[in-house]
Amino acid sequence: MKYKLLITALLIGSAVVLPGCKDEFAEVNTDQSVVTQPDIRYLFTQALQEFEPAKYQQWFYNNLQYTMPWVQATIYDGGNSSNLNVMGAYENASAQVVRVKTRVEEIDFLLSLMEPEEAATYDNIRVLCNPLLVFLGIFGTDMYGSMPYSETEKGLVTDPPLLAPEYETQEELFDLWEKQLNETLTILGENRPNQVPLPGNQDFVYKNDLSKWARFINSLKLKLAVRLIHVDKVRALRLANEVATHSAGIMNSLDDDFFYCRGSQEYHFGDDLWHGRGGQNLINFLVDNKDPRVRFMFMKNDFNSKVVQVLYDEGVSLPDFIEEKVNSIIVDGRKVFESWKSPGEPWVRYIGAPVDIYVRENGYYVQIILTLIISKSVIKSITHFHLPILK
């Protein structure tokens, strides 16, 4: 009986409350025609926030799992196999163009609703979107070739919606990109007094310093010139000369760099950064030419001279590809490390793994791969208390 009384009380209470809720929502559900339009300044900030050339899947999957093995910079653990060219999950730079272009189309649409005089007060903000799109466009077409650009996200503002944007080649886009960058430089250089300012830190990269934006744009013109130098040398040199003579100058210090700490929002099951093993072809080339970049791109193996000597003392055979780089002598019946063969330390300790997809059928190559993968753990287990020599 008590439960029945409780339910009745709740129903009566609901009947009393609901009319009040209805009155409150009546004030909220206003006519769509009088809803305040989005603030264009904040739409620009959203475009800037979306500007992320290398999202999580780009640097983790595209670069480390696919691109680097494809260009033979690295190989997979255990060696490459016949699925080397299989593409899995990815999120490329072309997708990033779409994200930014969505905000740009929204900005252009809102400006189209204004009187020309009012719309002109947003010119600085409008053109600052151009270098974001050009950067992503260059980045995307460098890697993946043709992409939708001009008509991307036009479905937001077209009737009927444009849902199949035209693909454009990088070569076709050069003219548009140059036009966009020049338009931006021109408008920013005019220092128009009637422009709507970006409040506070809405421009969280350059803090509305238009001179730094101009230097960033000049750097993009140089990117275009580099890509044209072997296709249209006259045009490439013209672009370079325009940059060299422009009053804003070029990016020549860290203060000019386009940088902000976005932070991490995706962890994808807590994946660690996976680099793979250095490719034999690339490492051999770097070592043969004593290119110092090998020291920053790759790690030396663990077989330093002291480790080699400990293994000799323990009676453990060195892998063939390590032994063949060692000059050793016999002293009182004891094998002694004497020196490294040419080119010596540190070069001899950079050894790449073969990229051949049939490497698992070659015992010598399998030895290299397995040794590179497990060398540290094997050495530690053999050397026991000699661990301080591992450096």
Side-chain angles (χ1 to χ4, degrees), residues 44-45 47-54 93-94 96-97 100-101 103-104 107-108 120 122-147 149-150 152 168-193 195 197-198 202-260 262 293:
F44 166 77
T45 303
L48 192 60
Q49 192 269 342
E50 295 284 6
F51 179 81
E52 188 179 5
S94 303
Q96 295 309 100
V97 172
V100 175
K101 190 69 169 354
R103 308 308 171 191
V104 174
I107 290 173
D108 288 345
Y122 289 92
D123 278 348
N124 276 0
I125 296 176
R126 175 179 61 82
V127 297
L128 285 180
C129 295
N130 286 336
L132 304 180
L133 289 172
V134 173
F135 184 101
L136 293 173
I138 294 173
F139 189 58
T141 54
D142 275 350
M143 183 65 188
Y144 299 102
S146 302
M147 64 181 295
Y149 183 86
S150 302
T152 292
E168 297 158 288
T169 65
Q170 187 181 70
E171 184 178 6
E172 291 172 332
L173 287 168
F174 279 149
D175 290 339
L176 176 57
W177 290 339
E178 182 181 352
K179 179 181 178 181
Q180 288 179 313
L181 295 178
N182 285 338
E183 176 197 25
T184 307
L185 286 173
T186 299
I187 291 178
L188 296 186
E190 292 175 353
N191 293 317
R192 303 182 183 186
Q195 293 297 288
L198 286 168
Q202 293 304 123
D203 174 7
F204 48 80
V205 175
Y206 287 138
K207 304 300 187 291
N208 211 24
D209 187 335
L210 300 185
S211 62
K212 290 186 177 181
W213 275 102
R215 288 193 283 275
F216 173 58
I217 294 165
N218 275 333
S219 75
L220 294 181
K221 291 186 70 172
L222 288 179
K223 285 182 178 290
L224 295 182
V226 168
R227 286 156 178 77
L228 287 167
I229 193 66
H230 296 299
V231 179
D232 189 341
K233 188 174 182 179
V234 173
R235 183 179 181 184
L237 294 177
R238 173 179 62 78
L239 288 172
N241 184 64
E242 290 176 2
V243 172
T245 58
H246 194 274
S247 59
I250 59 174
M251 300 171 69
N252 55 16
S253 73
L254 291 178
D255 290 337
D256 295 332
D257 202 0
F258 191 103
F259 172 82
Y260 69 93
R262 180 182 172 87
R293 288 175 293 183

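Just so we're clear, the structure is a prediction, and the values are computed from it rather than from any experiment.
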How long is the gap from [atom1] on [X] to [atom2] on [Y], to the nearest 0.5 Å?
{"X": "Glu50", "Y": "Arg103", "atom1": "CD", "atom2": "CZ", "value": "5.5 Å"}
{"X": "Thr184", "Y": "Asp123", "atom1": "OG1", "atom2": "CG", "value": "10.5 Å"}
{"X": "Leu185", "Y": "Arg215", "atom1": "CG", "atom2": "CZ", "value": "12.0 Å"}
{"X": "Leu128", "Y": "Phe44", "atom1": "CG", "atom2": "CZ", "value": "4.5 Å"}
{"X": "Ile187", "Y": "Arg126", "atom1": "CD1", "atom2": "CZ", "value": "4.5 Å"}
{"X": "Trp177", "Y": "Glu172", "atom1": "CH2", "atom2": "CD", "value": "10.5 Å"}

So which of Phe204, Trp213, Phe135 actually passes ring pair (Phe, Tyr, Trp, His ring centres under 6.0 Å) with Phe258? Trp213
Smallest separation among heavy atoms of [X] and [Y], with atom names:
{"X": "Leu220", "Y": "Pro131", "answer": "CD1-O, 3.5 Å"}
{"X": "Ser211", "Y": "Ala248", "answer": "O-CB, 4.5 Å"}
{"X": "Val226", "Y": "Ile229", "answer": "O-CG2, 3.2 Å"}
{"X": "Phe216", "Y": "Met251", "answer": "CA-SD, 3.6 Å"}
{"X": "Phe259", "Y": "Val205", "answer": "N-CG1, 4.0 Å"}
{"X": "Thr169", "Y": "Ser146", "answer": "CG2-OG, 3.4 Å"}

Would Lys221 and His246 count as a side chain to side chain contact (heavy atoms under 4.5 Å, CB included) if you check the C-alpha gap in whole Å, the side-chain angles of each, and the deciding distance to 0.1 Å? CA-CA 11 Å; Lys221 291 186 70 172; His246 194 274; over 6 Å; no
Using modelled atom types only, decide if a donor and an acceptor are shared between the side chain of [X] and the backbone of [Y] within a distance under 3.5 Å.
{"X": "Lys101", "Y": "Ser150", "answer": "yes"}
{"X": "Gln195", "Y": "Ala120", "answer": "yes"}
{"X": "Gln96", "Y": "Glu52", "answer": "yes"}
{"X": "Asn218", "Y": "Ile250", "answer": "no"}
{"X": "Asp203", "Y": "Asn208", "answer": "yes"}

Could you tell me whether Asp232 and Arg238 have a side-chain N and a carboxylate O separated by less than 4.0 Å? no
Run the numbers on Tyr149 and Val134 for side chain to side chain contact (heavy atoms under 4.5 Å, CB included), then give the verdict. CA-CA 10 Å; Tyr149 183 86; Val134 173; 4.0 Å; yes
Tell me whether the count of non-hydrogen atoms from other residues, nucleotides or ligands lying under 6.0 Å of CD in Glu171 goes above 12. no
Would you say NZ of Lys207 has more than 12 non-hydrogen atoms from neighbouring residues, nucleotides or ligands within 6.0 angstrom? yes
Apply the test side chain to side chain contact (heavy atoms under 4.5 Å, CB included) to residues Leu188 and Ile217: give CA-CA distance (whole Å), side-chain angles for both, the deciding distance (0.1 Å), then the verdict. CA-CA 11 Å; Leu188 296 186; Ile217 294 165; 4.0 Å; yes
When you compare the side chains of Asp142 and Gln170, does any donor N or O come within less than 3.5 Å of an acceptor on the partner? yes
